[in-house]
Colleague: 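Sharing a structure, written as structure tokens. Questions coming.
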There are 2 protein chains.
Amino acid sequence: MNDGPDFKGEKPNRTTLRHVATLAGVSEISVSRVMRNAPNISDKLRSKVMEAANALSYTPNRVAGALKNQSSNLVAVVLPSMNNDVFAAVLDGIESELNEHGLHSVLGLSQYDHDRELQVIRELLSWSPMGIIMTGLHHTAPIPEMIAQLDIPVVQIMDIEGTPIGSAVGISHSKAAVAAADHLYGKGYRKIGYIGAWNERPERSRARRIAFEGRLAELGAPLVASMIVDERSSAVAGSRTTADLLAQHPDIDCIFYANDDLAMGGLFHAMSANIDVPGDLGLMGFNGIEIGKATPLPLSSIQTPRFEMGQEAARLLLSAKTDGHRVVDLSFQVFEGKTA
Amino acid sequence: MNDGPDFKGEKPNRTTLRHVATLAGVSEISVSRVMRNAPNISDKLRSKVMEAANALSYTPNRVAGALKNQSSNLVAVVLPSMNNDVFAAVLDGIESELNEHGLHSVLGLSQYDHDRELQVIRELLSWSPMGIIMTGLHHTAPIPEMIAQLDIPVVQIMDIEGTPIGSAVGISHSKAAVAAADHLYGKGYRKIGYIGAWNERPERSRARRIAFEGRLAELGAPLVASMIVDERSSAVAGSRTTADLLAQHPDIDCIFYANDDLAMGGLFHAMSANIDVPGDLGLMGFNGIEIGKATPLPLSSIQTPRFEMGQEAARLLLSAKTDGHRVVDLSFQVFEGKTA
DNA sequence: CATCCGATTGGTATCGTTGTCAATTGAATT
DNA sequence: AATTCAATTGACAACGATACCAATCGGATG
């Protein structure tokens with residue numbers, strides 16, 4: 001294409017160490033060291049290099065660095081979906097902590113599909129991230145091995161009931177469910193129902209339902225009915241499902257929901273249908289989302305530390321080298337709203 | 001030149017092209033070609049290579065590829081914050097489209113800070129992304145130049161009123177505000193107020209307020225008052241601020257909010273205070289979030305295509321090479337709720 | 001059967017940075 | 001002034017994949 005052989009040298013390539021080194025009259029490796037704040041650099045050298053680097057507005061090429069180092073300033077973050085308040089908050093927490101250390105997330109969404117998760121993780125690992133944060137404790141076979149090969153820290157988030165690959169941070173979902181059951185029982189409800197959605201994705205919601213059901217049985221007020229719909233969680237779905245459940249089981253005096261979106265829908269249904277909450281019907285959600293606290297009757301819920309979970313996950317990742325594997329049980333709280 | 005087999009071979013390094021090539025009895029470059037589905041590969045070679053690659057569960061090292069190619073399968077995504085439904089939905093849209101093409105997002109959050117944005121973009125660009133998606137049309141000086149140097153496509157999202165660097169996708173915020181004004185005026189409201197938060201971040205909300213105010217003036221029903229609080233948008237803030245605004249201006253018969261979170265708070269306040277909505281007080285939000293549609297009185301709002309915006313941004317990025325710079329005006333819609 | 005041409009396959013250099021180890025400097029010591 | 005040793009600085013070879021160009025193969029052609 002080009003007749004002049006070294007015509008290519010002309011193309012406005014990114015400025016590299018070499019350019020800075022040439023301008024500063026030093027070696028490339030010295031520039032590299034200055035840029036990385038390596039020890040044992042004379043002030044004279046440093047200032048020469050910095051001057052040249054600024055003049056050329058040089059930015060190190062992370063790709064080359066990562067290749068040489070077999071590691072980067074990227075963190076692989078694998079979440080099921082972004083279609084969900086919860087994970088947005090978690091990601092926010094992760095980013096807030098990572099950013100303070102000059103790290104960045106490479107995102108992978110599994111869409112609640114194990115095959116997809118595997119593929120996504122494989123792709124993300126091919127970027128030599130310095131660590132990986134993933135959701136839940138259950139992962140298909142080759143995943144732990146793949147991560148072990150790279151020898152990078154892993155943090156699993158959301159759940160701590162099981163065997164983590166590396167570190168983990170989350171809450172005990174079964175304890176949270178028990179707390180919810182105790183709370184509702186304590187309020188005097190005896191005919192309690194449960195509403196979930198989207199075939200209990202994420203899986204953790206199933207663990208909660210089962211623990212909830214178990215606890216109610218222990219208390220002698222067994223779950224009256226549970227209704228799990230196929231569609232995604234939303235207030236609209238929660239509203240309709242609540243109506244359906246109450247129609248089928250008029251004796252129900254309280255409903256525990258898989259999440260606050262559904263519960264908000266339930267609350268709105270009750271408002272529309274002039275049902276006395278919490279008198280005739282108690283409602284309890286899960287997560288403690290912000291908007292639930294602004295309703296005329298604040299939504300009773302289990303408050304989960306989503307942002308903090310992300311933050312802590314990032315911290316665990318950063319401290320893994322020195323502190324090793326740790327499991328952090330972030331506490332949830334029963335949010336005493338006025339709906340149950 | 002290895003008398004003793006590689007000492008280094010001992011360390012449990014990632015499997016590389018070389019390992020696959022050796023096992024398959026072919027050259028490295030051939031393996032590379034097979035992995036990339038290059039043309040002119042015999043079926044025999046392909047199957048030999050695939051077999052070996054599977055046996056070793058080889059994954060190409062993207063870092064090395066990116067270094068050689070000066071380009072990667074990463075897309076830099078720069079958003080102001082994740083603390084916001086809106087950007088989570090946008091990111092979801094971006095990911096949904098990118099994932100279909102084997103691309104991944106590297107995330108950068110500017111936290112609404114221009115210096116931070118600059119720094120984040122610089123860092124992300126050092127990963128040789130194949131493109132960059134960023135928020136808004138206003139960016140501090142060196143940013144366009146930095147991107148131009150890499151010669152990668154840019155897509156700016158959210159806003160289309162201004163001069164994009166490359167492609168852009170969003171809505172006309174001033175038109176949306178005019179539509180809101182027209183809607184409210186059409187419903188008969190004449191004493192209209194405005195509530196915003198967090199010092200009008202993102203900037204687009206200011207553009208809306210100004211256009212809204214301008215339109216109302218044109219219509220002969222000038223804005224009665226606007227109240228912009230310092231704290232982050234939330235239903236709680238919206239509720240309190242609504243109470244404050246109504247206390248200061250009892251004659252207000254309608255409020256337009258910077259977003260649905262605030263508006264939901266307003267609606268909840270009205271419910272608690274037994275204000276007749278939409279009779280005595282009209283309420284209109286902005287964005288059309290899902291939960292607003294489940295309230296007993298569905299929240300009137302301007303429906304914005306957030307997920308689609310992300311999707312379209314990714315599409316624009318992918319088609320930039322063939323289609324060049326484009327500006328896509330995604331339409332908003334007046335969502336006719338029952339609060340105004 | 002020799003020749004030719006396109007289809008395949010391989011060798012080599014290179015992307016930009018950094019670890020390793022060698023070379024140099026310069027101040028402190030005897 | 002000679003010697004010593006730590007502090008600096010530099011040369012070189014990787015990291016793993018791929019572009020470029022050369023070499024080889026196979027079948028069609030005359």
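A note on names: the letters A, B, ... follow the listed sequences, proteins ahead of strands, and every chain is numbered from 1.
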Colleague: Roughly how many Å is it from CG in B/Asn40 to C1' in D/dG26, rounded to a whole number?
Modeller: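 Rounded to the whole Å, the gap is 14 Å.
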
Colleague: Report the C-alpha distance between B/Asp151 and A/Arg14 in whole Å, list the side-chain angles of each, state the deciding distance to 0.1 Å, and finish with yes or no for side chain to side chain contact (heavy atoms under 4.5 Å, CB included).
Modeller: CA-CA 10 Å; B/Asp151 193 33; A/Arg14 159 205 288 273; over 6 Å; no

Colleague: NE2 of B/His19 versus C1' of D/dA17: gap in Å, rounded?
Modeller: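 It works out to 14 Å between those atoms.
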
Colleague: Say whether, by atom type as modelled, one donor and one acceptor occur between the side chain of B/Thr22 and the main chain of B/Arg18 under 3.5 angstrom.
Modeller: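 Such a contact is found between B/Thr22 side chain and B/Arg18 backbone.
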
Colleague: Any chance CZ of A/Arg116 has more than 12 other-residue heavy atoms, nucleotides or ligands included, within less than 6.0 Å?
Modeller: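 Yes, because the 6.0 Å sphere around CZ of A/Arg116 holds more than 12 heavy atoms from other groups.
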
Colleague: Among C/dG16, D/dT9, C/dT9, which is the nearest nucleotide to the side chain of B/Ser30?
Modeller: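 Out of C/dG16, D/dT9, C/dT9, the nucleotide with an atom closest to B/Ser30's side chain is C/dT9.
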
Colleague: Taking all non-hydrogen atoms of both residues, which atom of A/Thr135 and which atom of A/Pro80 are closest, and how far apart?
Modeller: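 Minimum heavy-atom separation between A/Thr135 and A/Pro80: OG1-CD, 3.5 Å.
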
Colleague: Are any of the side-chain heavy atoms of A/Val169 and A/Arg315 separated by less than 4.5 Å?
Modeller: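 Counting from C-beta outward, A/Val169 and A/Arg315 never come under 4.5 Å.
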
Colleague: Which heavy atom in A/Met130 sits nearest to a heavy atom in A/Ser71, and how many Å separate them?
Modeller: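 Distance-wise, the nearest heavy atoms are CB-OG, 3.9 Å.
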
Colleague: Counting distance only, does the side-chain N/O of B/Asn54 pair as donor-acceptor with the main-chain N or O of B/Met50 below 3.5 Å?
Modeller: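 Present.
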
Colleague: Within less than 4.0 Å of OP1 or OP2 of D/dG16, is there a side-chain N or O belonging to B/Tyr58?
Modeller: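 Result: no.
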
Colleague: At a heavy-atom distance below 4.0 Å, what parts of residues 41-55 of chain A sit against DNA chain D?
Modeller: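 DNA chain D contact set from residues 41-55 of chain A: A/Ile41, A/Ser42, A/Leu45.
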
Colleague: Can you see if the side chain of A/Gln70 gets near the phosphate of D/dA14 - specifically, an N or O under 4.0 Å from OP1 or OP2?
Modeller: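 So the side-chain polar atoms of A/Gln70 never come under 4.0 Å of the phosphate oxygens OP1 or OP2 of D/dA14.
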
Colleague: Rounded off to whole Å, could you give me the CG-to-C1' distance for the A/Leu67 and C/dT14 pair?
Modeller: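 After rounding, the reported distance stands at 12 Å.
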
Colleague: Hey, is the main chain of A/Gly93 close enough, under 3.5 Å, to the side chain of A/Gln311 for a donor-acceptor pair?
Modeller: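 The answer is no, because no donor-acceptor pair under 3.5 Å joins these two groups.
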
Colleague: Could you list, one pair per line, each protein nitrogen or oxygen that sits under 3.5 Å from a nitrogen or oxygen of nucleotides 19-27 of chain C, together with the distance?
Modeller:
from, atom 1, to, atom 2, distance (Å)
C/dG19, OP2, A/Arg36, NH1, 2.9

Colleague: For the residue pair A/Ser105 / A/Glu95, report whether a side-chain donor-acceptor contact shorter than 3.5 Å exists.
Modeller: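 Per modelled atom types, A/Glu95 and A/Ser105 side chains form a pair under 3.5 Å.
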
Colleague: When you look at CZ of B/Arg46, are more than 12 heavy atoms from neighbouring residues, nucleotides or ligands closer to it than 6.0 Å?
Modeller: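 Yes, CZ of B/Arg46 has more than 12 neighbouring heavy atoms, counting only those of other groups under 6.0 Å.
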
Colleague: Please give, in whole Å, the distance from D/dG16 P to A/Leu150 CG?
Modeller: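 Whole-Å distance recorded here is 11 Å.
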
Colleague: Between B/Val34, B/Ile41, B/Leu17, which is the residue that forms a side-chain contact (heavy atoms from CB on, under 4.5 Å) with B/Val49?
Modeller: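 Only one of B/Val34, B/Ile41, B/Leu17 forms a side-chain contact (heavy atoms from CB on, under 4.5 Å) with B/Val49, namely B/Val34.
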
Colleague: Is A/Ser32 near enough to C/dT18 that one of its side-chain N or O atoms lies under 4.0 angstrom from OP1 or OP2?
Modeller: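 For C/dT18, OP1/OP2 do have a side-chain N/O of A/Ser32 under 4.0 Å.
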
Colleague: Please give, in whole Å, the distance from D/dT18 P to B/Met35 CE?
Modeller: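 Answer to the nearest Å: 9 Å.
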
Colleague: At a heavy-atom distance below 4.0 Å, what parts of residues 21-28 of chain A sit against DNA chain D?
Modeller: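 Within this stretch, A/Val26, A/Ser27 sit under 4.0 Å of the strand.
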
